[in-house]
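Worksheet: one structure, shown below.
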Amino acid sequence: MFKKDFPYFQNSQIIYLDNGATTQKPKSVIDSQVEYYEKYCSNTHRSNFGHANKATQEFENTRVILKDFINASSKEEIIFTKGVTESINFIASSFAANFKTVIISSLEHHSNIVPWHMQGRSLGNGLEVVNCNDNLDFDMKHFEQLLKANPHSFVSVTHISNAFGKIHDIEAITKLAHSYGAVVLIDGAQSLAHMKVDMQYFDCDFFAISGHKTFAPTGVGAIYVKEKHLKELKPYQTGGATIHEVDFNSSTLLDSPYKFEAGTQNIAGVIGFGKALEYIDKIGYENIEAIENSVYTYLNEQLSTLPDIIFYNDISDSIGSRSFNFKGIVHDDIGILVDKMKIALRVGHHCAQPIMKKLGVKGTIRVSTAFYNNFKDVDALIVALKKALDMLKD
Ligand SMILES: Cc1ncc(COP(=O)(O)O)c(C=O)c1O
């Protein structure tokens, strides 16, 4: 029903089920890119001629849209980045570097693991990992033990696992962490495409956002920073557009958010991000969540009919991604075969090697849906998987 809004689906016969990697872009987003480059291409916050002002206005408009979208308290709390990877690297290096302990979950993406390693942390040496049970649920008891043993730590956990679709209870995690004096960053890379997020309700200190996983262009994202941390937060890059006054002895910086956005930004990307959020608003999260839940449930039911399928979690508290393997079959082989049948899904470790190792697998087959996917897509996937399994069993 919504595929008509996405030119990709008019130009391609592919059944796109790799939304965890990136989402398709609606026409309004694509048009905004062409319009910027064809009609008012100019830098922001610098020049004062007519369409340069329009570029600045449109760019800043996205900040306001995003602020309202996630229910932040002010637009100063919204800092644009390249995406979640840059958002986490920024906070890791500038705010969290001196915390004695960083606590992450077992389901983290490499983007929320490697930045901590780069600070010389390893398991038990500045880095702690919350266990999960056999259904990949976050172990609150273990979390509390870690918080008790390491008060005032930095907690950095994903909202939704990209590999397994597991949703963490952010409100509960944040509440518990705060009661032990911890500061909380949430990796929201997989969140906005699937569900409403609310900074007042979550009450987290930082929330990392990916544009390209939210129907916006690649190379754009943001970090929400709770107002009370803005003064303490140091930029991790500086230069043009961040300064108030410079001489050869010293520089004084602008206030947030500008002091954190050094150099020319991804202007078209940020403008497109605003259009993507407006598009989501038009569809409405009530609709998005209802469609996604029904397609995700149907996907699970249909996959469950396939012989020798192995799941790693049930679908409780999960959305978007469904990961599985087939007994005796190499996941890469399935990827190669279904690709020939025009099914786009992802096979591999999904940038989550530690949890794959814990499960004793090299990788999985991951189907990841968005609200434009439908039952027909699932039916086509099942036909392709059956064919692939038949070929591999011969
Ligand atoms: C959970 C999670 N965190 C972080 C990232 C990195 O996000 P970005 O591509 O916006 O840097 C991804 C991307 O796959 C992800 O799924």
Side-chain angles (χ1 to χ4, degrees), residues 16-25 29 62 66 70 78-93 96 102 104-118 129-130 132 136 138 155-170 173 184-195 197 202 204 206-224 236 265-266 269-270 272-273 276-277 313 317-323 344-356 363-364 366-370:
Y16 189 78
L17 293 165
D18 194 22
N19 294 284
T22 199
T23 52
Q24 297 305 329
K25 323 302 175 198
V29 169
T62 296
L66 182 54
I70 65 170
I78 306 292
I79 298 160
F80 291 118
T81 62
K82 283 194 301 206
V84 164
T85 304
E86 188 180 28
S87 296
I88 296 177
N89 274 276
F90 165 24
I91 301 304
S93 65
V102 172
I104 61 174
S105 84
S106 298
L107 300 185
E108 297 310 320
H109 185 279
H110 296 166
S111 290
N112 193 24
I113 302 174
V114 185
W116 308 116
H117 290 163
M118 292 299 118
V129 181
V130 181
C132 59
L136 304 181
F138 185 88
V155 173
S156 192
V157 297
T158 192
H159 180 198
I160 305 178
S161 152
N162 64 307
F164 297 96
K166 191 55 107 174
I167 305 167
H168 285 149
D169 184 348
I170 294 313
I173 288 172
V184 181
L185 180 147
I186 302 301
D187 171 349
Q190 299 289 336
S191 309
L192 270 61
H194 305 290
M195 65 170 68
V197 303
F202 283 177
C204 53
F206 303 94
F207 191 88
I209 296 167
S210 174
H212 74 96
K213 294 184 199 287
T214 317
F215 316 108
T218 54
V220 61
I223 181 83
Y224 156 83
Y236 90 129
Q265 299 295 294
N266 179 355
V270 168
F273 193 15
L277 298 176
N313 56 323
D317 301 322
S318 304
I319 200 67
S321 296
R322 191 80 183 115
S323 256
L345 48 68
R346 182 165 164 191
V347 290
H349 54 62
H350 317 299
C351 298
Q353 281 184 356
I355 185 63
M356 297 296 156
T364 66
R366 183 189 73 176
V367 175
S368 54
T369 58

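Atoms within each ligand, like the ligands themselves, are counted from 1 in listed order.
With S368 as the fixed residue, the side-chain contact (heavy atoms from CB on, under 4.5 Å) test singles out one of T23, I319, D18, N162: D18. Screening F206, F138, F202 for a ring-ring contact (aromatic ring centres under 6.0 Å, His included) with H159, the sole residue that qualifies is F202.
Annotation: atom 7 (O) of ligand 1 to nearest protein heavy atom, V84 CB, 3.5 Å. Nearest protein heavy-atom contact of atom 15 (C) of ligand 1 is H109 CD2, 3.3 Å. Of the protein's non-hydrogen atoms, T85 OG1, 3.4 Å is the one closest to atom 6 (C) of ligand 1.
Contact of the V197 side chain with the I209 side chain is not registered, since no non-hydrogen atoms from C-beta on lie closer than 4.5 Å. In this structure, the side chains of R322 and N313 come closer than 4.5 Å at one or more pairs of heavy atoms. Side chains of R366 and L345 form no contact here, defined as non-hydrogen atoms less than 4.5 Å apart. Taking the side chain as every heavy atom from C-beta outward, P217 and V29 approach each other to under 4.5 Å. For the pair I78 and I70, the minimum side-chain heavy-atom distance is below 4.5 Å.
Every atom of ligand 1 is numbered from 1 in the order shown, and the set under 4.0 Å from a heavy atom of S210 is 10 (O). The distance from ligand 1 to the heavy atoms of S111 drops below 4.0 Å at these ligand atoms: 4 (C), 6 (C). Near G83, the atoms of ligand 1 lying under 4.0 angstrom from a non-hydrogen atom of the residue are 10 (O). Near H212, meaning under 4.0 Å from any of its heavy atoms, are these atoms of ligand 1: 8 (P), 9 (O), 10 (O). Per-residue contacts place T158 under 4.0 angstrom from the following atoms of ligand 1 (heavy atoms of the residue considered): 1 (C).
The shortest heavy-atom distance from K213 to ligand 1 is under 4.0 Å.
With a heavy-atom cut-off of 4.0 Å, D187 touches ligand 1 through its side chain alone. With a 4.0 Å heavy-atom cut-off, ligand 1 is reached by no atom of E86.
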Step by step, would you call N112 with T158 a side-chain contact (heavy atoms from CB on, under 4.5 Å)?
CA-CA 8 Å; N112 193 24; T158 192; 5.6 Å; no

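In the candidate list Q190, H159, H110, Q190 is nearest to atom 16 (O) of ligand 1, counting heavy atoms.
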